[in-house]
Amino acid sequence: MNPRGLFQDFNPSKFLIYACLLLFSVLLPLRLDGVIQWSYWAVFAPIWLWKGLAMVGAAVGAAVWARNPRYRAEGGACVEFKAMLIAVGIHMLLLLFEVLVCDRVERGTHFWLLVFMPLFFVSPVAVAACVWGFRHDRSLELEILCSVNILQFIFIALRLDRIIRWPWLVVFVPLWILMSFLCLVVLYYIVWSLLFLRSLDVVAEQRRTHVTMAIIWVLIVLPLLIFEILLVHRLDGHNTFSYVSLFVPLWLSLITLMATTFRRKGGNHWWFGIRRDFCQFLLEIFPFLREYGNISYDLHHEDNEDAEEASVAEAPKIGPMFGKKTRVVITQSPGKYVPPPPKLNIDMPD
């Protein structure tokens, strides 16, 4: 267990998004099944938390940018700051859509086409953001998701307003096309992982990397596809499953995405004006975390049967994140039985 390797590539923004979506996906089916009788404004609380932190983080980052003009001379800093502004603009449009959804569900006084209007605006903005991101070598996920689903947004709004009366299976045709592409990506990773496993010229580290990527994509895409199929059949009246049971595959996909954030280095350093890796920022605020981060545990066996316990301490090394490094090695003899220590009695004399 090496906490340094675990948190060094941690992506806090992605973790926050997936955690909020997971909590929302738990509250929503409970509300739809009538298990809880909360208002939809309360059910959407994880979404408000996500958007609120995004707005506050962007405001703090903009204040730091305005108070430090020297940052404007840095090319990389300017690109990251502009990327933050684009992201917060998309978040504001999504927030407007979510507010209209809650108001429509609670009061039901306006058309769904009006509710989906922010999504109709966010799609061209996301397309422009994708073009800008490709030119500046920026990673894009939310922007791509919003840009490729414009036709899906239109179909859902028309179906909810009963302007079209297609089955939900037909309404979700754009989504099936997107999921088909993702299934091809899963097949690609599976084939390449099998080829790497059979190849003798590939090092073990590359084999593990490709196998891990294949497993991750399978655990993300297949449960998501199962959730969408079950949901469509539920909306068309072909099954009577509860919404909680329908959302279980989606929970598996979101939990897998949360696990991947510990190995997905990235994120914009201008959120909250941190301007450094999130792990380094935490270590500067909470120095006691360095003691935990400086310790790694390695369990292995030795061939020497006479060695029962050994402790190996390395000399202090100055690292880029945690400072000194301490390693505790616990060894166990494979062929010799070591009985457990006797139980102590409080009344036993010294």
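Residue indices begin at 1 and follow the sequence shown.
Atom CG in N149 sits 5.5 Å away from atom CG in L145 (nearest 0.5 Å). Atoms CG and CD1, from L169 and I229 in turn, are 9.0 Å apart once rounded to the nearest 0.5 Å. Rounding to the nearest 0.5 Å gives a distance of 13.5 Å between CG of L22 and CD1 of I17. Distance check, rounded to the nearest 0.5 Å: CG of L49 to CZ of F44 gives 14.5 Å.
Nearest heavy atoms, P29 versus W251: CG-CZ2, 4.2 Å. Of all heavy-atom pairs spanning L113 and A157, the tightest one is CD2-CB, 3.7 Å. The nearest pair of heavy atoms linking V115 to F97 is O-CD1, 3.3 Å. Minimum interatomic distance between S39 and E106 (heavy atoms only, all atoms of both residues): OG-OE2, 3.1 Å. Contact detail for A129 and I90: the closest heavy-atom pair is CB-CD1, 4.5 Å. The two atoms that bring R31 and Q37 nearest to each other are NE-C, 4.2 Å, heavy atoms only.
In this structure, the side chain of S193 does not engage the main chain of A214 through any donor-acceptor pair within 3.5 Å. Of the possible polar contacts, one joining the Q152 side chain to the V171 backbone as a donor-acceptor pair under 3.5 Å is found. Remark: side-chain polar atoms of D161 are not paired, donor with acceptor, to backbone N or O of F111 under 3.5 angstrom. Between the side chain of S123 and the main chain of S147, no donor-acceptor pair closer than 3.5 Å is present. Using a distance-only test at 3.5 Å, with no hydrogens or angles considered, no donor-acceptor pair links the side chain of D33 to the main chain of S242.
Not counting sequence neighbours, the partners of I220 by the side-chain contact (heavy atoms from CB on, under 4.5 Å) test are I216, T256, L257. For R67, the side-chain contact (heavy atoms from CB on, under 4.5 Å) criterion is met by no residue, not counting sequence neighbours. Residues forming a side-chain contact (heavy atoms from CB on, under 4.5 Å) with N239 (at least two apart in sequence, or on another chain): H233, R234, F241. For F196, the ring pair (Phe, Tyr, Trp, His ring centres under 6.0 Å) criterion is met by W192, H210, not counting sequence neighbours.
Residues W48 and C102 are in side-chain contact: their nearest non-hydrogen atoms beyond the backbone lie under 4.5 Å apart. Counting only heavy atoms from C-beta outward, the side chains of L182 and V186 never approach each other to under 4.5 Å. No side-chain heavy atom of F247 sits under 4.5 Å from any side-chain heavy atom of V26.
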Verdict with supporting geometry, T212 and T209, side chain to side chain donor-acceptor pair (under 3.5 Å): CA-CA 5 Å; T212 303; T209 300; over 6 Å; no
Test side chain to side chain contact (heavy atoms under 4.5 Å, CB included) on Y18 and K14; report intermediate values, then the result. CA-CA 6 Å; Y18 298 145; K14 295 288 191 302; 4.0 Å; yes
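Between W217 and Y189, the angle of the ring planes stays under 30°, which puts this pair in the parallel group of the 30/60° scheme.
P118 pairs in a side chain to side chain contact (heavy atoms under 4.5 Å, CB included) with only one of the listed residues (L94, V99, L96), which is L96.
Remark: M117 CE is packed, more than 12 non-hydrogen atoms of other residues, nucleotides or ligands lying under 6.0 Å away.
Sorted by first and then second residue, the pairs that involve residues 46-65 and meet salt bridge (Lys or Arg N to Asp or Glu O under 4.0 Å), not counting sequence neighbours, are K51-E98. Applying the salt bridge (Lys or Arg N to Asp or Glu O under 4.0 Å) test to pairs two or more places apart or on separate chains, none has a residue in residues 112-128.
Outside the 6.0 Å centre-distance limit, the rings of F120 and F153 are not counted as a close aromatic pair.
In this structure, L114 is not a member of the same hydrophobic cluster as V122, with clusters built from ILVMFWY side-chain heavy atoms closer than 4.5 Å.
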